[in-house]
Amino acid sequence: MAKTSLGSLLARVGLDWFILALLAMIGLAKLWPEPGIQEGPFSLSALANYGVTLIFFFYGLRLNFDQLKEGLRNYRLHLLIHSSTFIVFPAVVLAARSFLMTPDTELLWLGIFYVAALPSTVSSSIVMVSIAGGNIPAAIFNASISSLIGVFITPLWMSYLLSSTNGQYDLNSVIGKLTIQVIVPVILGLLLNRRLGWFAERHKSYLRYFDQLTILLIVYTAFCESFSLNLFASYSAGDLLELAGMMLSLFFLIFGFIHLLSRLLNFNREDRITALFCGSKKSLVQGSVMANVLFPGNIAGVVLLPIMVYHALQLIVASIIAQGMAHRQEQKEKAIQA
């Protein structure tokens with residue numbers, strides 16, 4: 001009974017086995033980095049790349065053209081979500097960077113800007129919208145489109161930052177690699193949706209575990225590289241707490257911006273909920289995948305740290321907010337019926 005209650009409590013605040021497993025992967029990389037830095041066609045990093053291709057193939061397999069066409073109509077909602085995700089987020093971080101970044105935290109700030117440039121997450125955005133009682137078809141459409149747009153927009157933003165700092169960034173090569181690893185499998189899955197979509201839908205819980213295990217493998221290999229080069233030596237526990245505070249502040253700043261703008265645009269409750277949860281979240285899946293292409297392996301672990309922190313915090317906070325919204329709506333409906 002105690003174990004069940006503890007598990008229920010952790011789930012209620014957004015803490016699940018995956019977040020704990022992410023922390024375990026960092027610890028394992030610190031204690032045993034050797035397997036993660038080996039190279040070859042059957043190395044752990046190569047297996048992670050194969051896993052990424054399958055993730056996006058099955059992701060495309062679960063999409064269908066009817067859902068995408070249905071979602072095209074609400075253009076004001078789409079504009080708010082994607083401008084928040086790809087314009088407001090990076091602009092806020094760029095504005096703060098010159099005031100708060102120091103030479104010792106330059107890599108962490110690169111990771112923070114990387115968080116800001118990433119697309120929205122898919123599964124957890126839709127789950128939170130569903131819990132809170134939002135517009136689920138619009139959530140599916142926007143979360144899906146965000147992932148595809150991010151393949152092009154995120155490298156563009158990172159090219160701006162990386163080119164201005166070291167002058168070496170091959171944007172065409174990066175987009176080409178991401179297109180092969182992400183867009184091509186998605187399109188292939190989408191084309192096979194009518195024939196095999198049932199398979200992906202029937203086994204979606206198992207596919208979710210496969211996604212998570214692949215991300216754990218990517219995180220492990222990335223941190224193995226960074227620990228083997230001692231890149232975390234200059235960061236204290238205070239630095240990590242400060243990072244968590246900045247990530248939490250960033251989430252609430254964007255969440256508040258979207259809340260205000262959606263009210264000014266007179267969105268109904270369902271669309272406002274969808275805008276809030278799709279526009280304020282960032283994808284650890286895309287972040288892990290793109291990090292392997294965008295950054296050298298020796299710094300990928302440090303750069304991934306902010307998105308891992310943001311991912312954990314957004315799940316916890318968004319889960320609490322979504323359940324609060326659902327509870328208030330339930331109380332309101334009971335009061336009307338009474």
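Counting heavy atoms from C-beta on, the side chains of S84 and F89 never come closer than 4.5 Å. The closest side-chain heavy-atom distance from S146 to I81 is not below 4.5 Å. Residues L315 and K281 form a side-chain contact, since some pair of their non-hydrogen atoms from C-beta on lies under 4.5 Å apart. With a 4.5 Å cut-off on side-chain heavy atoms, I258 and L80 count as touching. In this structure, the side chains of M128 and I273 stay at 4.5 Å or more apart for every pair of heavy atoms. Looking at heavy atoms from C-beta onward, I183 lies out of side-chain contact with F56 at the 4.5 angstrom threshold.
Residues satisfying the side-chain contact (heavy atoms from CB on, under 4.5 Å) criterion with S249, sequence neighbours excluded, are absent altogether. Applying the side chain to side chain donor-acceptor pair (under 3.5 Å) rule to S147 yields no partners; only residues at least two apart in sequence or on another chain are considered. Scored by the side chain to side chain donor-acceptor pair (under 3.5 Å) test, R269 finds Q329 as partners (sequence neighbours excluded). Every residue meeting the side chain to side chain donor-acceptor pair (under 3.5 Å) condition with Y59, not counting sequence neighbours, appears here in chain and number order: S144.
Sequence neighbours left out, the pairs with a member in residues 308-335 that pass ring-ring contact (aromatic ring centres under 6.0 Å, His included) are F18-H311. Residues in residues 174-203 take part in these salt bridge (charged side-chain N to carboxylate O under 4.0 Å, His left out) pairs, two or more places apart or across chains: R62-E201, E201-K204.
Annotation for Y50: atom OH counts as buried by contact number, over 12 foreign heavy atoms lying within 6.0 Å. By the 6.0 Å contact criterion, OH on Y209 is open, its count of non-hydrogen atoms from other residues, nucleotides or ligands being 12 or less.
Judged purely by distance below 3.5 Å, without hydrogens or angles, the side chains of Q323 and S319 pair a donor atom with an acceptor atom.
Ring to ring, H203 and F199 are close: their centroids are under 6.0 angstrom apart.
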